[in-house]
Amino acid sequence: MTAVVAAAGIEKRFGATRALAGADLAIERGEIVALMGANGAGKSTLVKILSGSLAPDAGTITLDGRPVAFAAPREAKRAGIATVHQATEQAGAAGLTVAENLLLDELCAPGGRLFTSPGAIRRRAAAIAATIGLDLPLDRDFADLRPAERQLIAIARAVAAKAAVLILDEPTSSLAAGEAERLFAILGRLREAGIAILYISHRLGDLAAIADRAVVLRGGVAVGEFRRPIDFRAAVAAMIGRPFEAPARADATLRRPVVLSARDVVLVPGARPFHLTLRLGEVVAITGALGSGKSRLLSTLYGLARPVSGTVALDGRSWAPGRPSEAIAGGVFMVAEDRRRSSLLPPEIPGATIAGTIAFPHLGRWFPLGVLRPARERRAAVEAIARLGIKARGPDDTLDQLSGGNQQKVVLARWQAEPSRLLLLDEPFQGVDVGARADLITAIRGSGTTTLIATSDAEEALEVADRILVMRDHTLFETEAEDAALIAAVGEVERAEGAASA
Amino acid sequence: EGLAGAPAPFDKGGVRIAVVSFLGSGDWLQAFEAGVKRQAEALGIEANVSQARNDINTQRELIQQAINLGVDGIVINNGQPEALKDVAQAALDAGIKVVAYDVNLDNPKIPQIEQSDADMARLVLEQAVKEQGEAFEGGVVYVAGFAPLDRRYAVWKSFTQKYPGIKEVASWGVVNDTVAASVADQTKAVLRANPNLSVVFTPWDEFARGVKLAIDELGLGETVKIYGIDISTSDIQAIIEPGSPWVATAATNAAVVGEVSVRALSLDIAGQFPGRSVLIQPTLVTRADLVDNGIGTIEQLQEKFPAFRDSDAAKAAWIPAPAR
Amino acid sequence: MTDIPAPAVPRRDRAALVRRYALVALLVVLVVGFRLAEPAFLSTNNFFSILQAVSVVAILGVGVTVTLSAGGFDLSVGSVAASSVMAASYAMVVWQLGAGETIGLVLALGAAIGLANGLLIVRLGIPDLLATLAMMFLLAGLQLIPTGGRSISAGMILPDGSTAAGAYDPAFFVLGRLRLFDVVPVPVVVMAAVALVFWFLMERTRFGRVFYAIGGNETAAHLAGAPTRAYRLAAYMLSGSLAALGGLIVAARVGRGDVSSGASLLLDSVAAALIGFAVLDARRANVLGTVIGAIFVGVLLNGLTMLNAPYYTQDFVKGAVLVGALALTFGLGRKAR
Amino acid sequence: MTDIPAPAVPRRDRAALVRRYALVALLVVLVVGFRLAEPAFLSTNNFFSILQAVSVVAILGVGVTVTLSAGGFDLSVGSVAASSVMAASYAMVVWQLGAGETIGLVLALGAAIGLANGLLIVRLGIPDLLATLAMMFLLAGLQLIPTGGRSISAGMILPDGSTAAGAYDPAFFVLGRLRLFDVVPVPVVVMAAVALVFWFLMERTRFGRVFYAIGGNETAAHLAGAPTRAYRLAAYMLSGSLAALGGLIVAARVGRGDVSSGASLLLDSVAAALIGFAVLDARRANVLGTVIGAIFVGVLLNGLTMLNAPYYTQDFVKGAVLVGALALTFGLGRKAR
Ligand SMILES: Nc1ncnc2c1ncn2[C@@H]1O[C@H](COP(=O)(O)OP(=O)(O)OP(=O)(O)O)[C@@H](O)[C@H]1O
Ligand SMILES: Nc1ncnc2c1ncn2[C@@H]1O[C@H](COP(=O)(O)OP(=O)(O)OP(=O)(O)O)[C@@H](O)[C@H]1O
Ligand SMILES: [Mg+2]
Ligand SMILES: [Mg+2]
């Protein structure tokens, strides 16, 4: 059986970086291939080459045995390759509605039907949304969507394209378990229909659920192939080049003083009140479905939103910051979700370097007179690079040159550069590979800072936290879950609720 | 390559002057600079011509630059006295001769060349009174801040005082990139709001063109007449059009102004001070004059009206007449 | 099933309504006010005078709108229009071409300048503002070189001393001076046609959506298969052609080639496009809004002139109304962040 | 001890080198070329003439740079400068104030206009271009209202018919006309001081960092605790004050209050700021680049005038050099996408 799509000996350089060094990959009909690799292994670069948005320096791509060369994404599309790219900000265009973005491929494809009207666009967009059960107001502006919603739009478009090859680059990075499950069901159906699927994710659980085969990429070449049943321990070892060890987890004693105490907090009108207590040095994770209010809780504690009612106390004193600067002054720091939008600066401006990024929130404290001393910034950056194992040439590298995991490490280092009372982390492992995640977890747990983490991935929560809470409809539920699948715990909560309301 | 029989330094040649204009464009400036060039050529002078494009600060810089360049003399064409007196003095201090056209630098060492805006406005407004009587509803197109316009407008104001029957019912105007079209749009609004308006005084030919366009578009050529200032070939074309509402204009020949300016400066450089004031007389040109004599261009106008072709101002035996 | 209730469609509260219709309402108030103060204001003739006065600005504004919607900015429209006036005059007066050839030539010239803009931006990656600003300066000088800085009219003296033999083709004046049925000026008809065609293009065809998609996120549009470079080139070519059309109308009205930089045309058309952001609460460049924006300013200027307001109060009122309308549109009921 | 080695400078290939120094090299070539053609070009006096001629544009350009760096755009600088000329003249000629009071008053006025801009933008959420464009129109009219559209000079007639009693304070001319040691004009000293202070502010202090961070990613800056609204207000106030300073210098040079829109000041200062993007391959607004950009244009204009090039060739050459420099800087060795 010949592969639907095959890449052979693909090479690609970016200046001094060798992203791909002769990578091979083939996908057959009705097969889901998992592409694994650490941050920077070259996965997305390969995806971009297969989807026509980058030209390879060397190597060949064949479709059904015929060699092809794509000069632009539209040519790959026409040849039957649909792609969900990794960056959620490239999923659609601001200023256009959800409906228009769902139809973007059709609108942009040369030779498509010429005339449109808002009504027709809505109608056809509704059909596309229905294919993956997407439930979004169709006339909302794309700019107002959250990352998860953007990702769902990209997936809906790719699935609706009915292509022979479907490529998904970390499609679930900001999705919660429920949405991910739904996606897997759809992918299963597509596999039945004979479509060739390439799936990239750092979530081993995802891969275990759907992959028929795993290809591991390291340093821009395929270093291993694993067939069902996939031995993920071996795959991860191939991926990071050494046997994987889970980060050591010291047992936190829960008899420490209370740092944060929230009573009867109502996050949004109509939600049920809840309590939250965080003790010194505790690492607590909150998990829950898309839009359940995790980010809302963290932003409320960070002064970006105000609770409807309830009291919050930090170290026994009332805590109601009005803006981030007040929260920072009070010792509450936050790593916001979607690091590109929330933390990164364009490379050409001063302060976009590793040193500048780490120093930025602390400039006032470090340089009370206002005059910058570059040595002071660099010292903090060099320390962070060493402590977190950031792969960079030095403190003056700009962040756009780093891989996702390393960017996330810099952002974490920024908020660890000064002592805090409470550190809030919103989706800190988004798009971060297993190795880098382990480094991050070690850094989070090793700092001894009280930490509250929001993550939609239950596995990540289990890995990092002392204690896990579940959020649903803007309300927190305590769980007893330890190692059991957390999804079950969420289910239990829902069932209990159902019983209570009955 | 000097000029035989001319006083120093013209006998040896190599004289260099700068001509700095406040204006930036327009028919008038074109004609002025053409006059400057041909008189300079006749005298064997190298003339450095520059324009401040209605920016008085730039005009200062340009004069300063002419001083840096070490020219023998500078013609200052228009501008504002407050802004130019001290740089003009700086030029004199550097041994550079200066003449000024249409800007009163109030300096005994600087000959003043004047076309007398007041005379032009008076000539054409007197013609209006002659033709339209001492009582009419009039309008004026005017934008403050341009010195010649200010002086011409002042004469209009004095006329409305002198003749109580003349009422200024509207004043409008705009200076932008499409003066004619914009003024036409404004004029249409004005004419609609003031159906009895019968005379429009336009102290600049660009304004006159706009007003004419509006009158043509509204078909009011019989009832509204334009009395303007300035003239050029295309102005003449507009005036002689059948049924043109533009009936009279007063002007000097800008080319002659340019020639006189260069001659006056040359006399000064040669040590023959031309006097503190050099006057160029304006001429009234009516539609009837043009139509009756079959005049269609400035050149033809010069042939028929000798006063328009040349001026006796600032002449000397050693100064050759420019080639025309 | 995850039956998370879809968030209720945000109800349009009263503030949103005000925002939506603020400018249109203001326009109505202005018209009524001027009518009360000066009955002649609302005559048919004056109505078309206003439209004629704004036609050039509106046409240029539509071009600006197209480039804005594709995420660009064309600062050269004013000088393209000014150059077109010169080019049209030169073609007829010096080269003695007829009306048809002249129009074709000048429109082609506008498109070519747009192409040059587009290539600078798309090929060389020069930022839009920078490239079109450079083009603006370039044209301001270039347009004067053929005539040595002189204005062009019949019988003009050329730099080589000869006299130009041609004159404006009478047929050319149709574009600027004719009134259909003795009522509707041709420039108004042209403006209406441009507005309609471009409204349809931008709002009712695939192409329009792609322009906006490129403006919203060029990478996303490219990944979705749009030939983004071709679209951006096209946007600048359309903008250049429209500016040339505006210039042709000016030439056909004024009947001579006047030296000008086109700066005020640029400012007025950008103002119209920006006011258009606020029309019907669109909050982005849109053709309908731009045309209404241009008309808005035209009504204001016409009315004030009728009331014999000095020219400087007109600028002031223009600015004040602009600020007021914007404050109403953007400020009302929208908490920034 | 902080003896961390500075990072190895990333190796610059030849294209990058050319890009980095293209404009500076072109400047040197220009200077040498003009010197060869006209020896007077390189005299000390002419050198300072050039600096003096660009001083106002450079100062306004620095203001534009500050707002650009904070992600905004101030279209009102030209009309703020023009209004400041009028205000300074009015203060001295009509109110008979002294030089010190006048300077203080006008600078405060500039800051106040900047504050108004900032409030429109930050409080009401009006887009920068729109708000400052409206302000531009507003000021163009407003500056003329106190005098009824007349220029202001000693002995002027006021709208109420009386004659203004005051005159320019001789001390005020120091700001525009004095030359230190009979060589260095005061405006040049002021420009140098402004450039130095703002270069230091933007490149060497944490405040500059915050301005650039806000321009680069306002959300990120806000989340990192920066008071973004206060900074954006400050940027407009600085820009307004610098524009007022520029206006004061113009007033002190010309000695009267002239009606002008300031449009060319706006365009030239924006051009300087945009050329600044290319200086040393910065690809962002920066103070040093803006000042070099202004000087670049000044050298060009001065040299061309000395060579007796007609004004329209100057515009053309200005545009052509701008395009050329940009093409070199942006096009060379950078594949778009
Ligand atoms: N446009 C680019 N310019 C320069 N370097 C790039 C570019 N794109 C990718 N790289 C570099 O190429 C290498 C491979 O990147 P790629 O995005 O393919 O990795 P990845 O396997 O997808 O990583 P991740 O898991 O973080 O998504 C990295 O070192 C990255 O920094
Ligand atoms: N920027 C926004 N615009 C509109 N609605 C929002 C926005 N942010 C949050 N919401 C609403 O608030 C609710 C809670 O969102 P929140 O982001 O706190 O959830 P979350 O649990 O963090 O979800 P996610 O996993 O997607 O980040 C959602 O129902 C969403 O509709
Ligand atoms: Mg990737
Ligand atoms: Mg979230």
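We name chains A, B, ... by the order of the sequence lines, and we start the count at 1 in each one.
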Would you call A:R378-A:D396 a salt bridge at under 4.0 Å N-O?
yes
Segment of A:P368 engaging chain D (4.5 angstrom heavy-atom cut-off):
backbone
What part of A:F333 is in contact with chain D, defined as an atom under 4.5 angstrom from a non-hydrogen atom: side chain, backbone, both or neither?
neither
Side chain, backbone, both or neither: which part of A:W366 has an atom under 4.5 Å from a heavy atom of chain D?
neither
Name the region of A:L54, side chain, backbone, both or neither, that has any atom closer than 4.5 Å to a heavy atom of chain D.
neither
Basic-acidic side-chain contact under 4.0 Å: A:E383, A:R379
no
Indicate yes or no: does A:E337 engage A:K294 in a salt bridge with an N to O separation below 4.0 Å.
no
Heavy-atom pairs under 4.5 Å with chain D, option from A:W415, A:F360, A:Y302 with the top count
A:F360
Against chain D, label A:S342 side chain, backbone, both or neither, depending on which of its atoms sit under 4.5 Å from a heavy atom there.
both
Salt-bridge criterion met for A:D144 and A:R140 (N-O under 4.0 Å)
no
Carboxylate-amine/guanidinium contact A:E427 A:R339, below 4.0 Å
no
Show me the side-chain donor-acceptor pairs of residues 200-209 of chain D shorter than 3.5 Å, one per line, residues at least two apart or across chains.
from   : atom 1 : to     : atom 2 : distance (Å)
D:E203 : OE1    : D:R284 : NH2    : 3.4
D:E203 : OE2    : D:R284 : NH1    : 3.2
D:T205 : OG1    : D:L201 : O      : 2.6
D:T205 : OG1    : D:F207 : N      : 3.3
D:T205 : OG1    : D:G208 : N      : 3.4
D:R206 : NE     : A:F367 : O      : 3.0
D:R209 : NH1    : A:E377 : OE2    : 2.7
D:R209 : NH2    : A:E377 : OE1    : 3.1
D:R209 : NH2    : A:E377 : OE2    : 3.3

Given the options A:P361, A:A352, A:P350, which has more heavy-atom pairs under 4.5 Å with chain D than any of the others?
A:P350
Sidechain-backbone polar pair: A:D400 side chain, A:P347 backbone, donor-acceptor under 3.5 Å
no
Hey, which of A:D397, A:L372, A:L363 has the most heavy atom pairs under 4.5 Å with chain D?
A:L372
Options A:P374, A:G356, A:G364, ranked by heavy-atom pairs under 4.5 Å with chain D, top entry
A:G364
Considering only heavy atoms, which portion of A:R373 lies under 4.5 Å from any heavy atom of chain D: side chain, backbone, both, or neither?
neither
Relative to chain D, which segment of A:I349 carries a heavy atom at a distance below 4.5 Å: side chain, backbone, both, or neither?
both
Is a side-chain N or O of A:N406 found less than 3.5 angstrom from the main chain of A:K391, in a donor-acceptor match?
yes
